[in-house]
Amino acid sequence: MTDTTPAYTGPERVFSGIQPTGSLHLGNYLGALKKFVDLQDTHDCVFCVVDLHAITMPVEKGVLADQTRQIAAAFMACGIDPAKSVMYAQSSVPAHVELAWIFNCVARMGWVERMTQFKDKAGKDSERASVGLFTYPVLQAADILAYKATHVPVGEDQKQHLELSRDIADRFNREYDVPGFFPLPEPLIKGPGARIMSLKDGTKKMSKSDPSDLSRINLVDDSDTIARKIRKATTDAGVIPETAEELKGRPEVENLVGIFAALTGRGVESILGEFAGQGFGAFKPALADVTVAHLAPITARYRDILADPAEIDRTLARGAQQANAIAAPIMDDVRRVVGFWRP
Ligand code: TYM
């Protein structure tokens, strides 16, 4: 994209969201949640439980509200402090839906048709997928831009959606001749946790929807389960190599070393230096220890927080008010720019 138009000069803001679909796993934690926590001390942050996105796929009757509370509890258990960051449920702020509609009329069919996540999620029978699943990334752009967010921490799988958000922001600014009105949001993807792979197949990402529970470490798994899953993780017949270069072509080993690095904050080379030449009989228990040490306090806090759902509800309600207060004046400007009738 060539950019000769004036850039956005407003304040920086971080926005990200997580769907309330199934339990969170180590990929969500390292790719997203851990980064949220790191950002909240330095940035103005808005974190959202994206329940409108969740209904783009079938949801079991009666579970959505509880799953929303669970994600909110997980946010706080990981270290999101509602006194520092805004935290709320997407459906409680109408701006998301209104801006998504406007963006549906800004985004081009061709742009949205290129999105690979729709193809993956819709599968072979895309005629039966919901229209919402198709426009999922347009709603995602609205989430971000309803707050004029400038930075978006996500895992690598969201890169394409973030590019679409930038294209939509840019096209809105040009089409309505309001240069710099919306920022072109920057994805924050880098780091060893950006793409955590399945423990059973190093070529597939760790995912909530994988039918095998052994493929992922859930944030609610207890210590024994975590150790067992790591023990059973697929590896190969080799030993731990000396250099990162030698990890290429060994996706399962690369993934386990990457998890070790992401959890400890150590470089991959330092971990290889410690374990080079050893088999997985030594490495896997060390990785299990590191994982358990990191996740056990989070799991304990999660259970405590979840024991008081009324307090979670109060926190989400406060968050919704704060989020509405940020989005409302932005939406007033959007309506004016689009040219809707106003009394
Ligand atoms: P969701 O709930 O599917 O994923 C939440 C976050 O977890 C990251 N993630 C991973 N990171 C590393 N390795 C993995 N194996 C892995 N699996 C998932 C995702 O990249 C994501 O950051 N579309 C978003 C939700 C959303 C959103 C937004 C995000 C809706 N609106 C606006 C940012 C801004 C999603 O993928 O949710």
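Just so it is clear, the structure is predicted and the values come from calculations on it, not from any experiment.
- In this structure, Phe181 has its ring center under 6.0 Å from that of Phe172.
- Within the structure, salt bridge (Lys or Arg N to Asp or Glu O under 4.0 Å) contacts touching residues 90-113 (residues at least two apart or in different chains) are Glu98-Arg335.
- Under the side chain to side chain donor-acceptor pair (under 3.5 Å) criterion, the residue pairs touching residues 119-138 are Gln19-Tyr136, with sequence neighbours excluded.
- Note: Tyr302 and Phe75 fail the aromatic proximity criterion, with ring centroids not under 6.0 Å apart.
- Ion pair Arg301/Asp304 not flagged as a salt bridge, since none of the NZ, NE, NH1 or NH2 atoms sits closer than 4.0 Å to an Asp/Glu carboxylate oxygen.
- The backbone N or O of Asp81 lies less than 3.5 Å from a partner atom in the side chain of Gln40, making a donor-acceptor pair.
- Distance alone, capped at 3.5 Å, is enough to place a donor-acceptor pair between the Gln160 side chain and the Thr116 backbone.
- Residues Tyr29 and Ile298 form a side-chain contact, since some pair of their non-hydrogen atoms from C-beta on lies under 4.5 Å apart.
- Once rounded to the nearest 0.5 Å, the distance linking CG of Asp51 with CD1 of Ile71 reads 10.5 Å.
- Using modelled atom types, one side-chain atom of Lys229 and one backbone atom of Asp213 make a donor-acceptor pair closer than 3.5 Å.
- Here the side chains of Val257 and Glu269 are not in contact, with every heavy-atom distance at 4.5 Å or above.
- No donor-acceptor pair under 3.5 Å is formed between the side chain of Thr225 and the backbone N or O of Asp221.
- Checking side-chain atoms of Thr234 against main-chain N and O of Lys200 turns up a donor-acceptor pair under 3.5 Å.
- His96 and Tyr147 have their aromatic ring centers within a separation under 6.0 angstrom.
- Residues Arg228 and Asp224 are not paired through a salt bridge, judged by the lack of any N-O separation under 4.0 Å between the basic side chain and the carboxylate.
- The only option from Leu24, Asn28, Leu219 that meets the side-chain contact (heavy atoms from CB on, under 4.5 Å) definition with Cys78 turns out to be Leu219.
- Residues Leu188 and Val152 form no side-chain contact, since every pair of their non-hydrogen atoms from C-beta on lies 4.5 Å or further apart.
- When all heavy atoms of Ile18 and Ala32 are compared, the pair lying nearest together is CD1-CB, 4.3 Å.
- Checking side-chain atoms of Arg216 against main-chain N and O of Asp210 turns up a donor-acceptor pair under 3.5 Å.
- A distance-only check finds no donor-acceptor pair linking the side chain of Asn255 to the backbone of Gly202 [under 3.5 Å].
- Sequence neighbours left out, the pairs with a member in residues 270-279 that pass side chain to side chain donor-acceptor pair (under 3.5 Å) are Arg266-Ser270, Arg266-Glu274.
- When all heavy atoms of Ala142 and Leu99 are compared, the pair lying nearest together is O-CD2, 3.7 Å.
- In the displayed structure, Lys232 atom NZ is contacted under 6.0 Å by at most 12 heavy atoms of other residues, nucleotides or ligands.
- Of the charged side-chain nitrogens involved, at least one lies within less than 4.0 Å of a carboxylate oxygen, so that Glu311 and Arg314 count as a salt-bridged pair.
- Remark: the backbone N or O of His161 is paired with a side-chain donor or acceptor of Ser165 at under 3.5 angstrom.
- Looking at Pro241 and Leu247, their side chains come closer than 4.5 Å, going by heavy atoms from C-beta outward.
- With hydrogens and angles ignored, the 3.5 Å screen pairs no side-chain donor or acceptor of Lys205 with any backbone N or O of Arg195.
- A 4.5 Å side-chain heavy-atom check between Ile230 and Lys284 finds at least one atom pair inside the cut-off.
- Using a 4.5 Å cut-off on side-chain heavy atoms (C-beta onward), Ser16 and Leu39 make no contact.
- Glu175 is linked by a salt bridge (charged side-chain N to carboxylate O under 4.0 Å, His left out) to Arg171, counting only residues two or more places apart in sequence or in another chain.
- Ring pair Phe47/Phe15: centre-to-centre distance not below 6.0 Å.
- Among residues at least two apart or in separate chains, there is no ring pair (Phe, Tyr, Trp, His ring centres under 6.0 Å) pair with a member in residues 188-215.
- Counting only residues at least two apart or on different chains, the salt bridge (Lys or Arg N to Asp or Glu O under 4.0 Å) pairs with a member in residues 21-44 are Arg13-Asp44, Asp41-Lys84.
- Annotation: side chain of Val86 is not in contact with side chain of Arg318 (no heavy-atom distance under 4.5 Å).
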